[in-house]
Amino acid sequence: MKTRMTDSLRRPNARVPVPLRHRAFAACALLAAAPIFAQSPHDAVPDVALGKKLFESQCALCHGQGGTGGRGPALNRPKLSKAEDENAIRKVVREGILPEMPGAWQLSVREVASVAAYVKALGSVAVEKLPGDPDRGAAVYRSKGCAACHIAAGVGAGRGPELTLVGARRNAAFLRESIVTPNAFVPDGYLLVDATTVTGKTISGTKAAEDPFTIQIVDSAGRFHSLRKSELRALKRHEGRSGMPAFDTLSTAELDHLVAYLASLREAR
Ligand code: HEC
Ligand code: HEC
């Protein structure tokens, strides 16, 4: 009984004629309570076919059709690092992994269970076979100076994202694109900005934080600047421009090895 109420109230097309304001309140209360409901096994008899349909409409955008990966990690692996069993997958689906994966709060308990069952079933699909050699890729990584901007397994410096577990988060096609055309996708937290003050001084760097009145910028030397917007003459945001240079002159073999090396960075060592 409780479950059915949860389901109908949490769906946007709930037939219960509750005034909108009350409904929003009820939805919030139910959201807070959702994990408790989900723990009861009776709530959630999964339907894998329904899970597949939901996956294709709501998850494939980031995880690829069939879970082959893209902006989000490949999910067609026997063991997922952040979701070890079906219960853990349900939790990830419900709550998301911030900032990049949103929680699917719009799904009912049964829908969450169905998507999780489908994701679990994907694990029996073969993993990607890559042409490169990870050890030779590690040598390319060292010789190209990647460690000047990235930390991998505790080595390097940190202006770019940490790459220690990047193989678990991104598939090979995404990694290849990150190296050759970094502008194609710039994750949250790496927006480049130029702020020009009324006195004519320009500060360039990565936006660290912002509110309606101030902006915080980290420059290329790692210095932190906090500026009042009222004291700025111009604020230019370079959406879609990466702070990483394009490594587009690598040979095909070097690129294959490098991608194989990054793809191998998937377990904490
Ligand atoms: C906007 C893009 C996006 C959408 C939509 C999205 N995800 Fe994700 N997902 C990600 C990213 C990025 C990660 C990796 C996050 C991290 O590790 O920091 C992730 C991680 C995961 C993981 C953990 C993988 C692991 O290796 O442990 C699972 C499971 C997952 N997503 C399932 C789903 C399902 C099921 C849906 C649809 C209901 C979904 N995701 C929708 C981007 C997305
Ligand atoms: C001058 C600093 C700099 C250098 C050198 C550099 N990177 Fe980056 N890298 C960045 C920044 C900043 C980002 C985040 C913006 C983006 O994704 O384009 C990034 C993003 C990435 C990503 C995507 C990570 C993710 O999770 O989205 C990968 C993979 C990567 N770099 C690999 C490399 C490799 C391999 C090398 C050496 C061949 C390298 N980088 C050299 C600064 C650098």
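Counting starts at 1 for both ligands and their atoms, following the listed order. Here the structure is a predicted model, which means the values were calculated and not measured.
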Proximal ligand 1 atoms for A83, defined as those under 4.0 Å from one of its heavy atoms: 27 (O)
Any idea which atoms of ligand 1 are less than 4.0 Å away from a heavy-atom of K82? 16 (C), 17 (O), 18 (O), 25 (C), 27 (O)
V115 neighbourhood, listing ligand 1 atoms whose heavy-atom distance to it stays under 4.0 Å: 35 (C)
Before giving the answer on side chain to side chain contact (heavy atoms under 4.5 Å, CB included), spell out for L75 and L80 the whole-Å C-alpha distance, their side-chain angles and the decisive distance to 0.1 Å. CA-CA 7 Å; L75 299 177; L80 299 176; 4.1 Å; yes
Restricting to heavy atoms, the pick from C149, A263, G145 nearest atom 43 (C) of ligand 2 would be C149
Pairs of nitrogen or oxygen atoms closer than 3.5 Å, one from S242 and one from ligand 2: do any exist? yes
Return yes when at least one N/O/S atom of H63 is nearer than 2.8 Å to atom 8 (Fe) of ligand 1, and no when none is. yes
Run S178 and F174 through side chain to side chain contact (heavy atoms under 4.5 Å, CB included) and show every step you take. CA-CA 6 Å; S178 298; F174 185 102; 3.3 Å; yes
For H150 and ligand 2, does the shortest N/O to N/O distance drop below 3.5 Å? yes
Using a heavy-atom cut-off of under 4.0 Å, does the side chain or the backbone of L75 touch ligand 1, or both, or neither? side chain
For C59, which part has a heavy atom under 4.0 Å from ligand 1: side chain, backbone, both, or neither? both
Considering the heavy atoms of F247, write down every atom of ligand 2 situated less than 4.0 Å from one of them. 37 (C), 38 (C), 39 (C), 41 (C)
Which residue owns the protein heavy atom closest to atom 14 (C) of ligand 1, what's the atom, and how far is it? P73 CD, 3.6 Å
Contacting atoms of ligand 1, where contact means under 4.0 angstrom from a heavy atom of V92: 22 (C), 28 (C), 30 (C)
Rounded to the nearest 0.5 Å, what's the gap from CG on L232 to NZ on K201? Could you check? 11.5 Å
Top protein contact for atom 5 (C) of ligand 1, by heavy-atom distance: Q58 O, 3.5 Å
Determine, considering heavy atoms only, which of P182, A152, P187 sits nearest to atom 17 (O) of ligand 2. P187
Looking only at non-hydrogen atoms, find the nearest pair between V92 and A83 and report the distance. CG2-CB, 4.1 Å
What heavy-atom pair brings F185 and R170 nearest, and what distance separates the two atoms? CE2-NH2, 3.9 Å
Answer yes or no: does atom CZ of F213 have more than 12 heavy-atom neighbours from other residues, nucleotides or ligands under 6.0 Å? no
Looking at K236, I want to see if its NZ is surrounded by more than 12 non-hydrogen atoms of other residues, nucleotides or ligands under 6.0 Å. no
Looking only at distances, can you tell me whether any N or O atom of R77, backbone or side chain, sits closer than 3.5 Å to an N or O atom of ligand 1? yes
Using a 4.0 Å cut-off to any heavy atom of F185, which atoms of ligand 2 qualify? 16 (C), 17 (O), 18 (O)
Can you name the closest pair of heavy atoms from L50 and R110 and give their distance? CD2-NH1, 3.9 Å
Taking atom CZ of R176 as the centre, does the number of heavy atoms from other residues, nucleotides or ligands within less than 6.0 Å exceed 12? yes
Proximal candidate to atom 25 (C) of ligand 2 [heavy atom criterion; set E100, R142, R170]: R170
At what distance is the nearest protein heavy atom to atom 35 (C) of ligand 2, and which residue and atom is it? C146 SG, 3.6 Å
Among all protein heavy atoms, pick out the one at the shortest distance from atom 33 (C) of ligand 2; state its residue, atom name and that distance to 0.1 Å. M244 CE, 3.4 Å
Heavy atoms only: which of G156, P161, S178, P245 lies closest to atom 13 (C) of ligand 2? P161
Can you tell me which portion of A116 lies within the under-4.0 Å heavy-atom range of ligand 1? Options are side chain, backbone, both, or neither. neither
Derivation and outcome, side chain to side chain contact (heavy atoms under 4.5 Å, CB included), residues L227 and T214: CA-CA 6 Å; L227 306 165; T214 66; over 6 Å; no
Verdict with supporting geometry, E210 and K229, side chain to side chain contact (heavy atoms under 4.5 Å, CB included): CA-CA 10 Å; E210 180 173 11; K229 288 183 182 171; 2.7 Å; yes
L107 pairs by side chain to side chain contact (heavy atoms under 4.5 Å, CB included) with which of Q58, R94, R90? Q58
Who's the nearest protein heavy-atom neighbour of atom 21 (C) of ligand 1, and how far? M101 SD, 3.4 Å
Among V93, I97, L54, which residue places a heavy atom closest to atom 15 (C) of ligand 1? I97
Which heavy-atom pair separates L175 from V259 by the least distance, and what is that distance? CD1-O, 4.2 Å
Considering all heavy atoms of both residues, which atom of D194 and which atom of S204 are nearest to each other, and what is their separation? OD1-OG, 2.7 Å
For E84 and K120 the tightest heavy-atom approach is O-NZ, 4.1 Å
Under 4.0 Å between heavy atoms, the region of F174 that gets near ligand 2 turns out to be side chain
Against heavy atoms of C62, which atoms of ligand 1 measure under 4.0 Å? 1 (C), 2 (C), 3 (C), 4 (C), 5 (C), 42 (C), 43 (C)
